[in-house]
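The block underneath contains the structure these notes are about, expressed in structure tokens.
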Amino acid sequence: MADRLEILRDLERKVLWLSSWTIHNANRLRANPDGLKVGGHQSSSASLAAIMTALYFDALRPEDRVAVKPHASPCFHAIQYLLGHQTRAKLENFRGLGGAQSYPSRTKDIDDVDFSTGSVGLGVAQTVFASIAQDFLKAKGRAADLPEGKMVALVGDAELDEGNIYEALVEGWKHGLRNTWWVVDYNRQSLDGVIHEGLAARLESVFATFGWDVVVLKYGALLEAAFAKPGGAKLRAWIDSCPNELYSALTYQGGAAWRQRLLADHPGDNALANLIASYDDDALARLMTNLGGHDLPSLLDAFAQARTHDRPVCFIAYTIKGAGLPLAGHKDNHAGLMTDAQMEAFRSACGIRPGQEWEKFEGLATGAKDLQRFLDAVPFAAKGMRRYTAPVLDVPAIAPPAEKTISTQAAFGLMLNELGRGDSEFADRVATMSPDVTVSTNLGPWVNRRKLFAREAAEDLFRTQRIPSTFKWDRSPDGQHVELGIAESNLFLALSAFGLTASLFGERIVPIGTVYDPFILRGADQLNYACYQDARFILVATPSGITLAPEGGAHQSIGTPLVGMSQPGLLSYEPAFADELAAILRFAFEYTQRDGKDGGSIYLRLSSRALEQPTRQIGARQAAEIVEGGYWLRPPGPSARVVIAYTGAVAPEAIAAVGLLAEDRRDVGLLAVTSADRLHGDWTRASQAREAGQADALSPIERLLAAVPGDCALVTVADAHPATLGWLGAVAGHRVRALGVDSFGQTGTIADLYRHYGIDAEAILRAAQAIAPGRPIRHLAGIV
Ligand SMILES: Cc1ncc(C[n+]2csc(CCOP(=O)(O)OP(=O)(O)O)c2C)c(N)n1
Ligand SMILES: [Mg+2]
């Protein structure tokens, strides 16, 4: 059998070839009707070819989980192709519909992607929370058959500009982060150009501050050998002080340029001149670009070392963007593509015959048999695909609290407390988390029962000191609440990681995160990221809207229901009453466990406004309607000229308005909308089904509005942007007046603010009078 290192060198060349070819082929063959290039990132991929070769073909184990730098996707797909997990057809259709994805995608790619990436910074931070999730499971004796894996991120150096990475770093430190490797592709280039001088030194100190090992891989074996020769120390000193921009430019220009510059900077230095003279131009170019991140022996060594302990490690691997390609080093190379002529030259340099471009073993020193034997024995792929499933948990009974007046937020807290009091398997598998708003979102009683998670047990000092406190916050490996700092970004990434445990570790966890509703926007990209990779979680966002009256405009949310409606993979609900919330929660517990497209995550927009509760028993039919998104609290009669539709905390205003209207308008209907998102989504899907020939397709909102006479008008009201419900008029062609909030909130009482923004009962009456003229509404006349 050929030498292991030689085989890995062959594979590195192959990975570089295949990733470059995949991109080139897609751009060459698939003429794009939009006149756009198919695109791809040849130089970003090349930058990581050696690092990824060392990882995937040697260092990684099946239990490791990896977030690949988004623009190294072609490199990742090439590796998976060599391992037999990616098809040639998908590579040929790279960036095409149904082809290998531009950025690795858990849901769209077939080749064993652990974490989707694309929005830079998020995949990196995701590994921190995946590691905490792994610890959470292990601390409870779960996933016992699975060895502890490393959570690995391949990180671009410019990617490290993203603030969310540092938020995760702080959070990781608080949780005693382990088993996390970040491999920084330090190519000193970003998208626009060359990155700032001296970043590596800053990074070293940042990571060291947070307790990480830092391993700098700066020089490869060729450079180290040169440094040991006469003149070598000078060469090293020159490299160390060379500005990034100059290094990049010389890399691009090649051997002759390196020679000229080195000699010009060292006049009269014979030792250095002799050293340089011992390399021809090509060899000099190879020497000067022989950085640690392209040096397989250094990489293999560093990864093997790091495997011997569980401390988090940041590898700063110096690389050249576009290494091995004619694009190398040029600051414009980010989206640069090799020309046909360049590719042709590269093909023949790789020893690949025309027509044999996809052949795995073409042009390599190692024989096909040896190579296949090597690939078959690669530890990472030894267990095949690394996706798990977990059994569906039975959902325990959930009853609404008996309080006559209560807010949805308080009801949520009580129901979770009840869940915590029980002894269901389901409750044991819940993980709650909150960005420093655990108490103010009513999770406190649950935490009292189920404790905070920590790998080391610690008693609540206030409790041991007998200082009275409502909260008993003991820390324990059994604990089920993951205490997070204020950074909302971390909440969503934690929900994402805990929401993937079934697939990542074969153990189901039901993550429930609470957050103040307006601060969803602080983590909106992270929320999108979590949904994009089909993590399953329940997001409880409370309090919400201007109903948070005295808190003022900086804490009040306006557009979040539209976020909920427009976010794929997330179904949003805004119940008004506790019994509705109970039905929705039961559904959420079941829905988040469903496979694939039949399930998803849930967003509950709740309120701290205590409402008088209806006296009723919700039966199965009504519970189903609540889950479907709406029901008639008062059905309209045949003579209805106006119907009020509301969602959430403005229920009392809508109910009061209907009561007052009833004196002057006949048959007024009152529609309770528990999920504008669900109603809208099902309406869209039913329309699509009809357009596809399924004539009898009908959605819940169409069924509900079928009871409304055609010339009747709708007045909709929400403590949110009016577009939340304004679309209801389009379902069956009713005129609509949509009330809501479309400017920044203010401090005041709820009554003040509802009046100010026009979502109180009188505003509803005024709207009804204007849109459904008739006898003057007495109540309004009285006021005027
Ligand atoms: C949140 C976000 N902002 C911007 C981009 C666009 N973008 C893609 S790659 C990139 C630069 C990456 O540079 P670096 O991380 O150093 O990777 P390299 O290409 O050098 O390997 C940018 C700005 C993105 N993908 N995500
Ligand atoms: Mg870079």
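Remember, predicted model here, so these are calculated numbers, not experimental data. Start at 1 with the first residue, then count along the sequence.
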From CA spacing to verdict: side-chain hydrogen bond (donor to acceptor under 3.5 Å, both in side chains), Q372, D376: CA-CA 6 Å; Q372 190 57 57; D376 290 342; 2.9 Å; yes
Verdict with reasoning, W17 to I352, per side-chain contact (heavy atoms from CB on, under 4.5 Å): CA-CA 9 Å; W17 161 259; I352 290 167; 3.5 Å; yes
Step-by-step side-chain contact (heavy atoms from CB on, under 4.5 Å) determination, K14 to Y81: CA-CA 11 Å; K14 196 73 194 177; Y81 174 66; over 6 Å; no
Residue pair D240, K218: steps toward the salt bridge (charged side-chain N to carboxylate O under 4.0 Å, His left out) verdict: CA-CA 10 Å; D240 284 349; K218 187 160 184 183; 2.9 Å; yes
L160/I165 under side-chain contact (heavy atoms from CB on, under 4.5 Å): CA gap, chis, key distance, verdict: CA-CA 7 Å; L160 285 164; I165 291 179; 4.1 Å; yes
Steps toward side-chain contact (heavy atoms from CB on, under 4.5 Å) verdict (L235, L287): CA-CA 11 Å; L235 179 64; L287 174 74; 4.3 Å; yes
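In the model, W258 has no side-chain atom that pairs as donor or acceptor with a side-chain atom of Q253 under 3.5 Å. For the 3.5 Å distance criterion, the side chains of T107 and D534 fail to qualify, holding no donor opposite an acceptor. The closest side-chain donor-acceptor pair between R311 and T180, if any, does not fall under 3.5 angstrom. A donor-acceptor pair shorter than 3.5 Å can be found between the side chains of S496 and Q533. K108 and Y532 share a side-chain donor-acceptor pair at under 3.5 Å. A side-chain donor from one of Q567 and N528 sits under 3.5 Å from a side-chain acceptor of the other.
Side-chain atoms of E204 never come within 3.5 Å of backbone atoms of R202 as a donor-acceptor pair (strictly under, hydrogens ignored). Proximity of a side-chain donor or acceptor of K69 to a complementary backbone N or O of S44 within less than 3.5 Å is detected. In this structure, H266 contributes its side chain and L262 its backbone to a donor-acceptor pair below 3.5 Å. At least one donor-acceptor pair under 3.5 Å links the side chain of N27 to the backbone N or O of I23. In this structure, Q42 contributes its side chain and S20 its backbone to a donor-acceptor pair below 3.5 Å. Side-chain atoms of T501 never come within 3.5 Å of backbone atoms of A497 as a donor-acceptor pair (strictly under, hydrogens ignored). The backbone N or O of M385 lies less than 3.5 Å from no partner atom in the side chain of D112, so there is not a single donor-acceptor pair. Counting only distance, with no hydrogens or angles, the side chain of Y247 and the backbone of M288 share a donor-acceptor pair below 3.5 Å. Side-chain atoms of E162 do not come within 3.5 Å of backbone N or O of E159 as any donor-acceptor pair. A donor-acceptor pair under 3.5 Å is absent between the side-chain atoms of R95 and the main chain of Q101, judged by distance alone.
Looking at heavy atoms from C-beta onward, V183 lies out of side-chain contact with V155 at the 4.5 angstrom threshold. Between R106 and S503, some side-chain heavy-atom pair lies under the 4.5 Å cut-off. Taking the side chain as every heavy atom from C-beta outward, D265 and W238 approach each other to under 4.5 Å. Under the 4.5 Å side-chain criterion, counting only non-hydrogen atoms from C-beta, V68 is not in contact with S73. Counting only heavy atoms from C-beta outward, the side chains of L191 and H71 never approach each other to under 4.5 Å. The side-chain heavy atoms of F315 and L154, taken from C-beta on, include no pair separated by under 4.5 Å. Between F76 and V113, some side-chain heavy-atom pair lies under the 4.5 Å cut-off. Under the 4.5 Å side-chain criterion, counting only non-hydrogen atoms from C-beta, L493 is not in contact with V128.
Shown here are the side-chain contact (heavy atoms from CB on, under 4.5 Å) partners of S601, two or more places apart in sequence or in another chain: R536, F537, L570. Judged as a ring pair (Phe, Tyr, Trp, His ring centres under 6.0 Å), and not counting sequence neighbours, the contacts of W212 are W182, F207. Not counting sequence neighbours, Q134 has no partner by the side-chain hydrogen bond (donor to acceptor under 3.5 Å, both in side chains) test.
Once rounded to the nearest 0.5 Å, the distance linking CG of L325 with NE2 of H330 reads 14.5 Å. For the atom pair Q126 CD and F492 CZ, the distance stands at 13.0 Å (nearest 0.5 Å). Here the straight-line distance linking atom CE of M343 with atom CZ of R28 works out to 9.0 Å at 0.5 Å rounding. Distance check: L291 CG to T251 OG1 gives 7.5 Å after rounding to the nearest 0.5 Å. The CZ atom of R259 lies 16.0 Å from the CZ atom of R261; values are rounded to the nearest 0.5 Å. Between N179 atom CG and H309 atom NE2 the span is 10.0 Å, to the nearest 0.5 Å.
Within 6.0 Å of CD in Q356 there are more than 12 heavy atoms belonging to other residues, nucleotides or ligands. For K331, the NZ atom sits in a loose shell: 12 or fewer heavy atoms of surrounding residues, nucleotides or ligands are nearer than 6.0 Å.
Listed by first and then second residue, the side-chain hydrogen bond (donor to acceptor under 3.5 Å, both in side chains) pairs involving residues 221-237 are K234-D269 (not counting sequence neighbours). Residue pairs that meet the side-chain hydrogen bond (donor to acceptor under 3.5 Å, both in side chains) test with at least one member in residues 188-197, sequence neighbours left out, are Q189-N333. The stretch residues 214-234 participates, sequence neighbours left out, in these ring-ring contact (aromatic ring centres under 6.0 Å, His included) pairs: Y219-F227.
Nearest heavy atom pair, residue A67 against residue G123, reads CB-O, 3.3 Å. Scanning all heavy atoms of the two residues, the minimum distance from R594 to G599 falls at CB-CA, 3.7 Å. Of all heavy-atom pairs spanning G121 and N164, the tightest one is O-ND2, 3.1 Å. Minimum interatomic distance between V313 and A306 (heavy atoms only, all atoms of both residues): CG2-CB, 4.1 Å.
Salt bridge status for R9 with E6: present, with a side-chain N to carboxylate O gap under 4.0 Å. Salt bridge status for E63 with K150: absent, with no side-chain N to carboxylate O gap under 4.0 Å. Between E362 and R353 there is a salt bridge, since at least one side-chain N of the basic residue sits less than 4.0 Å from a carboxylate O of the acidic one. Note on R61 versus D64: no salt bridge recorded, every NZ/NE/NH1/NH2 to OD/OE distance being 4.0 Å or above. Residues D111 and K90 are not paired through a salt bridge, judged by the lack of any N-O separation under 4.0 Å between the basic side chain and the carboxylate. By the 4.0 Å N-to-carboxylate-O rule, R4 lies close enough to D58 to be salt-bridged with it.
Between Y103 and H41, the two ring planes are tilted [angle within 30° to 60°].
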